[in-house]
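Down below is the structure, laid out as structure tokens.
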Amino acid sequence: MLLRRLAASALRRGGANDGGVLAAVRAEIAHELSSSTSSSPPSLQSQDIPGFSTVSDAPHGQEVLLRRLDASEEVLVSAVLAPLRFEGEEPLPRDALMKVFVSKPDVKPVMRFDCRAFADEGDGGSADYDVTAACYHPFAGDAGEDKYEGPEFRDLDPRLQVALKGYLVARGVNSKLASSLHHHLVEKERWQYMNWLKTLEDMFSSH
């Protein structure tokens, strides 16, 4: 999924009226098809997210929102892919950024955890996650931008860091969930990228 490769290919094929864009787009489509990109948008299955239900996962959206609810508390997990980074001309594997909110009925505040799920072996590898921040808000949706939110997570006592991650794992936010979300977001973006390429192909082939 190399946007830079697409641009470079278009420049090398400058003889066509479109500057070589159509040929470059078709070459990129062929490359993506060689990676077995599905023609249908990927979907999360219940076995991929045990204990959670999908609240929002629009085919053309970037965010996935999951919910786990029982009589004692609600857990919401929001996940998106981290911004694309490059090493030279090669894109680095994408991490997934997760926000986890834990709330209890009629109890304030709401706990929020920021997490980063990473792939060990590229896009197809299993994923684990690190907690990067832990704070609380008086109510859901309160950004707390001008309020003290506690120390940096890495500055907390190591025993407290381990305990807070264990708190999340006990609520189903474990490596399996992180891996499923990471894989789903990568596959979803591949599907979105292929659809974008096909729209581009239709636009330039009609001229």
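Only a predicted model underlies this, so the values are computations on that prediction, with no experimental measurement involved. The residues of the chain are indexed from 1 along the displayed sequence.
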| request: May I ask you to check whether over 12 heavy atoms, not counting those of E87, lie within 6.0 Å of atom CD? | output: no
| message | Would you compute the distance between atom CG of L65 and atom OG1 of T54 and round it to the nearest 0.5 angstrom? | response | 9.0 Å
| query | Within a radius of less than 6.0 Å around CD of Q62, do more than 12 heavy atoms belonging to other residues, nucleotides or ligands occur? | reply | no
| request: To the nearest 0.5 angstrom, please state how far the NZ atom of K108 sits from the OH atom of Y136. | output: 14.0 Å
| With H60, which of W191, Y193, W196 fulfils ring pair (Phe, Tyr, Trp, His ring centres under 6.0 Å)? | W191
| query | Do side-chain atoms of R171 reach the backbone of Y167 as a donor and acceptor pair under 3.5 angstrom? | reply | yes
| What's in the same ILVMFWY side-chain cluster as L97, cut-off under 4.5 Å, chained through other members? | V80
N/O donor-acceptor pairs under 3.5 Å from side chains in residues 158-166, not counting sequence neighbours:
unit_1: R159; atom_1: NE; unit_2: D157; atom_2: OD1; d: 3.1
unit_1: R159; atom_1: NH2; unit_2: D157; atom_2: OD2; d: 3.3
unit_1: Q161; atom_1: NE2; unit_2: F153; atom_2: O; d: 3.3
unit_1: Q161; atom_1: NE2; unit_2: R154; atom_2: O; d: 3.3
unit_1: Q161; atom_1: NE2; unit_2: L156; atom_2: O; d: 2.8
unit_1: K165; atom_1: NZ; unit_2: Y129; atom_2: O; d: 2.5

| field | Set of residues satisfying side chain to side chain donor-acceptor pair (under 3.5 Å) with respect to K176, sequence neighbours excluded | value | none
| note | Scanning both residues in full, the closest heavy-atom pair of S180 with D48 reads OG-O, 2.8 Å
| request: Would you please name every residue forming a side chain to side chain donor-acceptor pair (under 3.5 Å) with D57, sequence neighbours left out? | output: H184, K188
| note | Residues at least two apart in sequence or cross-chain that pass side chain to side chain donor-acceptor pair (under 3.5 Å) with S53, listed by chain then number, are none
| query | Applying the 4.5 Å side-chain criterion to the ILVMFWY set and letting contacts propagate, would L69 and V75 be lumped into a single cluster? | reply | no
| Pairwise side-chain contact, V77 with V64, heavy-atom cut-off 4.5 Å (strictly under) | no
| request: Any chance you could measure N174, atom CG, to D128, atom CG, to the nearest 0.5 Å? | output: 9.0 Å
| field | Nearest-0.5 Å distance, CG of residue L76 to CE of residue M98 | value | 13.5 Å
| Hey, does the side chain of Q192 reach the backbone of G61 with a donor-acceptor pair shorter than 3.5 angstrom? | yes
| field | Full working for side-chain contact (heavy atoms from CB on, under 4.5 Å) between L168 and C115 | value | CA-CA 10 Å; L168 290 180; C115 308; 4.1 Å; yes
| Minimum-distance pair of heavy atoms, taken over all atoms of A178 and A117 | CB-CB, 4.0 Å
| query | For the atom pair CD1 (I49) and CG (L66), what is the distance rounded to the nearest 0.5 Å? | reply | 5.0 Å
| task | Look only at the side chain of S78 and the backbone of K99, and say whether a donor-acceptor pair between them is shorter than 3.5 Å. | result | no
| task | For side-chain contact (heavy atoms from CB on, under 4.5 Å), just list the numbers for V173 and F52, CA-CA rounded to whole Å, side-chain angles, deciding distance to a tenth of an Å, and then say yes or no. | result | CA-CA 10 Å; V173 186; F52 286 85; 4.1 Å; yes
| query | With sequence neighbours left out, what residues match S72 under side chain to side chain donor-acceptor pair (under 3.5 Å)? | reply | D70
| query | Is there a path from V186 to L92 through hydrophobic residues (I, L, V, M, F, W, Y) whose side chains come within less than 4.5 Å of each other? | reply | no
| Any donor-acceptor pair under 3.5 Å linking the side chain of R94 with the backbone of A82? | yes
